[in-house]
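Scroll down for the structure; my scribbles are underneath it.
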2 protein chains.
Amino acid sequence: MAEGNTGGENLLFLTDEQLRKGIEAMFFAYRGFTADPDRILEGMDYGRAHHRAIHFIHRSPATTVSNLLTILGVTKQSLNRVLRTLIDDGLVEARVGREDKRERNLYLTAKGQELERQLSDAQRARMRAAYRAAGPVAVQGFRTVLEAMMDPEMRRQYQSLREGER
Amino acid sequence: MAEGNTGGENLLFLTDEQLRKGIEAMFFAYRGFTADPDRILEGMDYGRAHHRAIHFIHRSPATTVSNLLTILGVTKQSLNRVLRTLIDDGLVEARVGREDKRERNLYLTAKGQELERQLSDAQRARMRAAYRAAGPVAVQGFRTVLEAMMDPEMRRQYQSLREGER
DNA sequence: GAATTTACGTCAGCCTTGTTGACTTTCCAA
DNA sequence: TTGGAAAGTCAACAAGGCTGACGTAAATTC
């Protein structure tokens with residue numbers, strides 16, 4: 001069982017069994033991760049897709065539709081359906097671009113911000129509990145592994161919003 | 001930056017901003033996590049739901065349909081649709097239970113194992129690269145935080161398959 | 001031994017959220 | 001002024017969730 005060292009170190013954490021556990025950890029944890037917002041949204045006419053749109057509009061106010069398309073990785077038809085309902089319901093405002101009038105700059109209305117707060121409060125509460133239970137060293141490792149797991153393009157998206165953190 | 005103690009401590013890792021980064025890390029990383037199997041499955045008649053079923057049947061051969069329902073957290077109608085195609089296509093075998101003949105014990109056929117290997121090779125490759133890049137300490141933290149993020153019942157499911165690891 | 005419960009399968013219908021393809025309108029830039 | 005990018009929309013479709021209803025076989029309980 002003492003396989004693999006690369007340069008003297010112990011690589012037991014790279015066994016297939018360890019990797020499988022990591023895979024299942026992602027699967028089960030992601031369920032928990034989405035559970036609370038899903039619960040809030042069920043009953044309303046919204047779903048996870050609406051949550052994602054709201055999250056990223058909140059994070060980057062004045063973002064354009066095509067920015068959002070890139071970040072969310074869906075087709076514009078798919079996003080449009082979601083955005084349409086959010087705009088019609090008065091949660092999101094789409095202002096014609098100042099510089100380029102083809103673009104739409106997206107903003108949350110007061111009502112949209114209220115729902116955003118409700119959703120992210122729930123999601124942060126779970127995250128906070130997990131972070132607190134695990135401790136800062138574990139959190140650092142958590143972030144490091146997740147970042148290494150992203151596709152390069154997504155990693156760029158992720159990192160491009162780091163200004164002002166840490 | 002030397003944070004972290006518990007009791008008189010610096011809790012900077014629990015700021016809303018840090019939590020938001022964690023939330024987005026989960027979002028982007030999960031995309032990467034599923035990307036490779038998704039690519040393999042597209043074109044075949046299968047999707048992520050088939051992958052999940054195959055994974056957990058592989059992990060726990062002879063598992064029953066209701067076990068699988070609990071683990072996957074879907075309805076039997078939904079699982080049945082997926083299982084039906086896997087059985088018809090000869091990837092999964094459902095044997096009548098020895099002790100309780102109402103139950104069906106599920107197994108991967110040789111063909112099913114072949115697809116499982118293909119899928120998990122791809123997923124493990126990404127996991128392995130991320131683990132290697134992050135290092136064993138980070139991996140430990142990654143697992144700790146994910147585990148803390150699960151719903152208690154899912155955590156039990158996750159942990160109940162730890163026999164023989166580590 | 002009869003009644004009830006459990007495990008599984010299946011039919012029918014619905015919803016969300018993803019997809020393609022085709023087309024229009026607006027409007028920037030060469 | 002014209003080509004092409006950005007955005008929006010219509011239509012049709014698929015995967016994979018869901019509920020409700022019903023059937024059958026087997027186990028369990030009364």
Side-chain angles (χ1 to χ4, degrees), chain A residues 27 30-31 34-35 37-57 62-89 92-107, chain B residues 27 30-31 34-35 37-57 62-89 92-107:
Chain A
F27 173 71
Y30 197 78
R31 284 255 287 279
T34 56
D38 282 357
R39 246 188 304 278
I40 292 172
L41 290 164
E42 99 177 350
M44 310 195 187
D45 279 352
Y46 306 127
R48 220 176 269 182
H50 300 83
H51 181 195
R52 290 196 282 261
I54 287 172
H55 173 96
F56 285 105
I57 294 171
T63 191
T64 63
V65 172
S66 32
N67 278 344
L68 217 44
L69 287 177
T70 306
I71 290 177
L72 296 175
V74 298
T75 58
K76 70 175 168 173
Q77 293 90 331
S78 199
L79 175 59
N80 189 256
R81 175 169 38 201
V82 164
L83 228 37
R84 185 79 267 129
T85 68
L86 292 175
I87 292 170
D88 289 350
D89 294 352
V92 168
E93 192 189 349
R95 297 184 206 152
V96 171
R98 267 188 76 75
E99 316 227 312
D100 184 335
K101 293 180 189 162
R102 291 168 303 180
E103 297 183 344
R104 298 292 179 273
N105 296 116
L106 302 170
Y107 302 88
Chain B
F27 173 71
Y30 198 78
R31 283 255 287 279
T34 56
D38 282 357
R39 247 188 304 276
I40 292 173
L41 289 164
E42 99 178 349
M44 310 196 187
D45 278 351
Y46 306 128
R48 218 175 273 182
H50 300 83
H51 181 195
R52 289 196 283 261
I54 287 173
H55 174 97
F56 285 105
I57 294 171
T63 192
T64 63
V65 172
S66 33
N67 278 343
L68 217 45
L69 287 178
T70 306
I71 290 177
L72 297 176
V74 297
T75 59
K76 70 174 171 173
Q77 293 91 330
S78 201
L79 176 59
N80 189 256
R81 176 169 39 200
V82 164
L83 226 38
R84 186 78 268 129
T85 68
L86 292 175
I87 291 170
D88 289 350
D89 294 353
V92 167
E93 190 189 350
R95 296 183 205 153
V96 171
R98 266 187 76 77
E99 315 227 312
D100 186 334
K101 293 179 190 164
R102 291 169 306 178
E103 296 182 344
R104 298 289 178 275
N105 296 116
L106 303 171
Y107 301 87

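Reminder, nothing fancy here: chain letters follow the sequence lines and each chain counts from 1. Predicted model, so just to flag it, every value in this text is computed and none were measured.
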Open item on the list: Once you apply a heavy-atom cut-off of 4.0 Å, does B/Lys101 come out as touching a base, just sugar-phosphate, or nothing?
Closed with: sugar-phosphate
TODO: Using whole Å, report how far CG of A/Leu83 lies from C1' of C/dG18.
DONE: 16 Å
TODO: Anything under 4.0 Å to a heavy atom of chain A counts; send over the first and last such nucleotide of DNA chain D, read 5' to 3'.
DONE: D/dG4 to D/dC10
Task: Side chains of A/Arg48 and A/Leu41 in contact at under 4.5 Å (non-hydrogen atoms) - done: no
TODO: Mind telling me whether B/His50 and B/Tyr46 have parallel, tilted or perpendicular rings, with 30° and 60° as the class edges?
DONE: tilted
- [ ] Remember a base hit wins even if backbone is also touched, and classify A/Ser78 as base, sugar-phosphate or nothing at under 4.0 Å, heavy atoms.
- [x] base
Task: Nearest-angstrom distance from the residue atom CG of A/Asn80 to C1' of C/dT19 - done: 15 Å
- [ ] Specify the residues of residues 42-53 of chain B, ordered by number, for which at least one heavy atom lies under 4.0 angstrom from an atom of DNA chain D.
- [x] B/Gly47, B/Arg48, B/Ala49, B/His50, B/Arg52
Open item on the list: Can you work out whether A/Asp100 or B/Arg84 has the more 5'-proximal nearest nucleotide on DNA chain C?
Closed with: B/Arg84
- [ ] Between A/Gln77 and A/Glu103, name the one whose nearest nucleotide on DNA chain D is closer to the 5' end.
- [x] A/Glu103
Open item on the list: What I'd like to find out is whether the side chain of B/His55 reaches to under 4.5 Å of the side chain of A/Phe27, using heavy atoms alone.
Closed with: no
Open item on the list: Just the rounded figure in Å: distance from P of C/dT10 to NZ of B/Lys76.
Closed with: 11 Å
- [ ] Apply side chain to side chain contact (heavy atoms under 4.5 Å, CB included) to B/Leu83 and B/Ile57, showing your working.
- [x] CA-CA 11 Å; B/Leu83 226 38; B/Ile57 294 171; 4.1 Å; yes
Open item on the list: Does A/Thr75 reach a base, just sugar-phosphate, or nothing at all? Heavy atoms under 4.0 Å.
Closed with: base
Task: Side-chain heavy atoms of A/Asn105 within contact of A/Thr64, under 4.5 Å - done: yes
TODO: Please report, rounded to the nearest Å, how far the P atom of C/dT19 is from the CG atom of B/Asp38.
DONE: 11 Å
TODO: Report the distance from atom CZ of A/Arg104 to atom CG of A/Leu68, rounding to the nearest 0.5 Å.
DONE: 14.5 Å
- [ ] Whole angstrom is fine here: how far is it from CZ in B/Arg31 over to C1' in C/dG18?
- [x] 13 Å
Task: Residue A/Asp88 excluded, over 12 heavy atoms near CG under 6.0 Å - done: yes
Open item on the list: Run A/Leu72 and A/Phe56 through side chain to side chain contact (heavy atoms under 4.5 Å, CB included) and show every step you take.
Closed with: CA-CA 9 Å; A/Leu72 296 175; A/Phe56 285 105; 3.7 Å; yes
Open item on the list: Distance check needed: C/dC11 C1' versus B/Arg81 CZ, whole Å only.
Closed with: 12 Å
Open item on the list: Between the base of C/dT26 and the side chain of A/Arg102, is one N or O donor paired with an acceptor at under 3.5 angstrom?
Closed with: no
Open item on the list: For the OG atom of A/Ser66 and the NZ atom of A/Lys76, what is their distance to the nearest 0.5 Å?
Closed with: 10.0 Å
